[in-house]
Amino acid sequence: MNADQLHEYANQLRDNFLRLQDQSLELHQRARALQVTHSSPDGLVTATVGARGDLVRLELDPRVSRLRDSGRLAGLITATVQQAAAMAQEEIVRMFAPLVPPEQMRAHLNGDLDSVLGNLDDRLREIG
């Protein structure tokens, strides 16, 4: 990597940091307030989750009392909450897309440090 390329990369990092700093408070507030609601295909279960996929509200249709299989109900609840959490994660990725590449944000949200560091290494190699 020559000095001009390194200087250009440093300028890009600075510009991204300044843009992130300007937009971070608003994005952080929007992300913290995010709630996603998803219903099971049969409408028996409705789950609302927060930005991190944490369960905020669970609604069960009165028809669940007709289910004789508690395992099926448990599976339906689990699948509905998991789908709502996945939708919340994608919304966070979409919110931050102007500042953070989606694949990098997904890796960060999933705690995939190897991918985060790999993305950084790839970017550095592109310059050098």
Side-chain angles (χ1 to χ4, degrees):
M1 179 181 321
N2 66 39
D4 289 337
Q5 291 172 320
L6 187 57
H7 181 70
E8 177 62 28
Y9 183 63
N11 286 337
Q12 288 174 1
L13 288 175
R14 185 197 68 231
D15 292 345
N16 285 343
F17 176 77
L18 292 174
R19 188 172 62 240
L20 179 61
Q21 189 176 24
D22 289 343
Q23 297 176 6
S24 66
L25 181 59
E26 177 192 345
L27 278 175
H28 182 70
Q29 290 171 340
R30 284 180 46 211
R32 287 187 62 182
L34 177 75
Q35 290 190 351
V36 173
T37 300
H38 178 71
S39 295
S40 61
D42 58 10
L44 293 177
V45 175
T46 300
T48 300
V49 300
R52 294 182 179 161
D54 50 316
L55 185 61
V56 174
R57 185 175 47 256
L58 180 65
E59 299 172 23
L60 301 176
D61 187 282
R63 294 176 293 149
V64 298
S65 63
R66 297 182 201 146
L67 290 178
R68 299 193 192 279
D69 183 358
S70 62
R72 178 173 174 251
L73 178 59
L76 193 57
I77 291 170
T78 301
T80 303
V81 171
Q82 288 174 342
Q83 181 62 35
M87 292 166 64
Q89 180 175 327
E90 283 306 307
E91 183 61 22
I92 293 294
V93 168
R94 188 192 65 71
M95 270 187 209
F96 282 87
L99 301 173
V100 180
E103 65 281 352
Q104 187 174 355
M105 190 65 179
R106 281 187 196 94
H108 175 72
L109 290 172
N110 291 326
D112 185 357
L113 185 58
D114 289 338
S115 292
V116 171
L117 293 175
N119 287 337
L120 180 59
D121 186 53
D122 290 346
R123 292 194 67 199
L124 289 173
R125 289 176 194 266
E126 288 174 6
I127 294 170

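The residues of the chain are indexed from 1 along the displayed sequence.
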Original post:
Should Glu103 and Arg106 count as an ion pair when the cut-off is N to O under 4.0 Å?
Top reply: no
Original post:
Which atoms form the tightest heavy-atom contact between Ser65 and Pro62, and what is the distance?
Top reply: OG-O, 2.9 Å
Side-chain donor/acceptor pairs under 3.5 Å, residues 50-57, sequence neighbours excluded:
residue : atom : partner : partner atom : Å
Arg57   : NE   : Glu59   : OE2          : 3.1
Arg57   : NH2  : Thr48   : OG1          : 3.4

Original post:
In terms of hydrophobic clustering (I, L, V, M, F, W, Y; side-chain heavy atoms under 4.5 Å; direct or indirect links), are Phe17 and Phe96 co-clustered?
Top reply: no
Original post:
If every non-hydrogen atom of Ser40 is compared with every non-hydrogen atom of Thr80, which pair is closest and at what distance?
Top reply: CB-OG1, 3.4 Å
Original post:
Should Arg30 and Leu34 count as side-chain neighbours, where that means a heavy-atom distance under 4.5 Å?
Top reply: no
Subject >> Partner of Ile77 by side chain to side chain contact (heavy atoms under 4.5 Å, CB included), out of Leu60, Val64, Leu44 >> reply: Leu60
**OP:** Measure across Val36 and Ala88 and return the closest heavy-atom pair with its distance rounded to 0.1 Å.
**Re:** CG2-CA, 3.7 Å
**OP:** Decide yes or no on side-chain contact (heavy atoms from CB on, under 4.5 Å) for Val45 and Leu73, but give the supporting numbers first.
**Re:** CA-CA 9 Å; Val45 175; Leu73 178 59; 4.2 Å; yes
Subject >> Pair Arg66 + Asp42, salt bridge at N-O below 4.0 Å >> reply: no
Subject >> Side-chain donor or acceptor of Glu90 paired with backbone N/O of Met87 under 3.5 Å >> reply: no
Original post:
Between atom CE of Met105 and atom CZ of Arg94, what is the distance when rounded to the nearest 0.5 Å?
Top reply: 12.0 Å
Original post:
In terms of heavy-atom contacts, does CZ of Arg68 have more than 12 from other residues, nucleotides or ligands at under 6.0 Å?
Top reply: no
Subject >> Exercise: identify the closest heavy-atom pair between Gly43 and Asp61 >> reply: O-CB, 3.7 Å
**OP:** Taking all heavy atoms of Ala84 and all of His38, pick out the closest pair and write down the distance.
**Re:** CB-CB, 3.8 Å
Original post:
So do the side chains of Glu8 and Asp4 get within less than 4.5 Å of each other, counting heavy atoms only?
Top reply: no
**OP:** Look up atom CD in Glu26 and atom CD in Gln29, then write down how far apart they are to the nearest 0.5 Å.
**Re:** 8.0 Å
**OP:** Please indicate whether Arg14 has more than 12 foreign heavy atoms, meaning atoms of other residues, nucleotides or ligands, lying under 6.0 Å from its CZ.
**Re:** yes
